Amino acid sequence: MKKSFSVLAALLALLSALPLFVACAGSGAKIVDDVEYRQDWLAANRTRGVFYENPEYDPEDEDSAYMLQDTVSPEYRTKIVRTRAEADAVFASCPAVDFGEEMLVVCCFTTVYHRGCELEEVKTDEGGELYIRFRAKRRPGIGDASMPGQGVVTIRMPAQNVTAVHPAYDE
């Protein structure tokens with residue numbers, strides 16, 4: 001009886017996750033983990049709520065703040081990378097990409113979980129607008145939330161004539 005219940009529970013879990021696999025697998029999109037971003041590019045692409053070092057911090061001034069929180073930037077920033085020159089402006093280290101066949105979509109967001117992400121959905125509508133939903137990888141039982149910081153995810157996918165990117169991040 002226990003074994004039958006376990007098999008049934010596993011089957012139901014698999015079926016409930018099926019739309020997630022179909023939505024991402026059909027798009028050919030994958031998260032790229034082996035990238036390093038240029039620090040100047042990251043600084044220019046901060047998102048609302050991110051804490052960053054104050055470049056004018058004065059340790060001799062007790063009113064000087066070491067960290068500042070961004071309150072004016074947008075919630076998300078995205079960059080579609082279609083050429084090697086664009087990649088060189090974003091990445092300090094980037095995997096080999098055939099830009100004739102593929103493109104990279106870089107999404108910046110604010111997060112309190114500084115761990116990898118998983119794709120939940122990638123779809124393009126008839127107008128060429130790309131919708132991407134991703135979430136922090138699950139870590140049950142581990143309290144690893146911290147001060148809000150910048151999260152960045154890079155998605156490799158077949159080249160498309162995308163006109164706009166609409167990211168959504170779930171923690």
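Computed from a prediction, not measured in an experiment: that's the story for all the values here.
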Are I132 and M103 linked, directly or through other ILVMFWY residues, by side chains that come within less than 4.5 angstrom of each other?
yes
Is there a path of hydrophobic side-chain contacts, each under 4.5 Å between heavy atoms of I/L/V/M/F/W/Y residues, joining V165 to V90?
no
Looking at side-chain heavy atoms only, is the closest gap between T47 and D70 below 4.5 Å?
no
Minimal heavy-atom distance between L104 and F91, with the atoms involved, is CD1-CE1, 3.8 Å
Quick one, F99 and V81 - any side-chain contact, counting heavy atoms below 4.5 Å?
yes
In the structure I gave you, are the side-chain heavy atoms of M67 and Y52 within less than 4.5 Å of one another anywhere?
no
Would you indicate whether the side-chain heavy atoms of D170 and R133 approach each other to under 4.5 Å?
yes
d(D34 CG, S93 OG) to nearest 0.5 Å is 7.0 Å
Distance, nearest 0.5 Å, that separates CZ of R46 from CG of L68
8.5 Å
Could you give the distance from CD (E102) to CD1 (I155), rounded to the nearest 0.5 Å?
13.5 Å
Contact check, side chains of F51 and S146, non-hydrogen atoms, under 4.5 Å:
no
Same cluster (ILVMFWY, side-chain, under 4.5 Å), V122 and F109
yes
Restricting to non-hydrogen atoms, name the atom on V105 and the atom on M157 that form the minimum distance, rounded to 0.1 Å.
CG2-SD, 3.9 Å
Heavy-atom distance under 4.5 Å between the side chains of C107 and Y76, does that happen here?
no
Measure the shortest side-chain to side-chain distance between K30 and V32 over non-hydrogen atoms and say whether it is less than 4.5 angstrom.
no
Do the side chains of V97 and W41 join up, straight or via other hydrophobic residues, at under 4.5 Å, putting them in one cluster?
yes
Please report the closest heavy-atom contact between V153 and Y37, naming both atoms and the distance.
C-OH, 4.0 Å
List the steps, then state whether side chain to side chain contact (heavy atoms under 4.5 Å, CB included) holds for R82 with V162.
CA-CA 11 Å; R82 299 179 194 275; V162 173; 3.9 Å; yes
Do you know which two heavy atoms are closest between R84 and A96, and how far apart they sit?
NH2-CA, 4.3 Å
Heavy-atom nearest pair, E56 first then S64, reads O-OG, 3.9 Å
Are any of the side-chain heavy atoms of N45 and K79 separated by less than 4.5 Å?
no
Evaluate salt bridge (Lys or Arg N to Asp or Glu O under 4.0 Å) for R135 paired with E118, printing each intermediate quantity in order.
CA-CA 5 Å; R135 66 180 167 104; E118 300 171 331; 3.0 Å; yes
Shortest non-hydrogen pair, Q160 vs T124, comes out as OE1-OG1, 2.7 Å
Interatomic distance, CD@Q150 vs OG1@T110, rounded to 0.5 Å, equals 7.5 Å
Reported OG1-to-CG distance for the pair T163 and D125, which is rounded to 0.5 angstrom
7.0 Å
Are V50 and Y169 co-members of a hydrophobic cluster defined by side-chain heavy atoms under 4.5 Å apart?
no
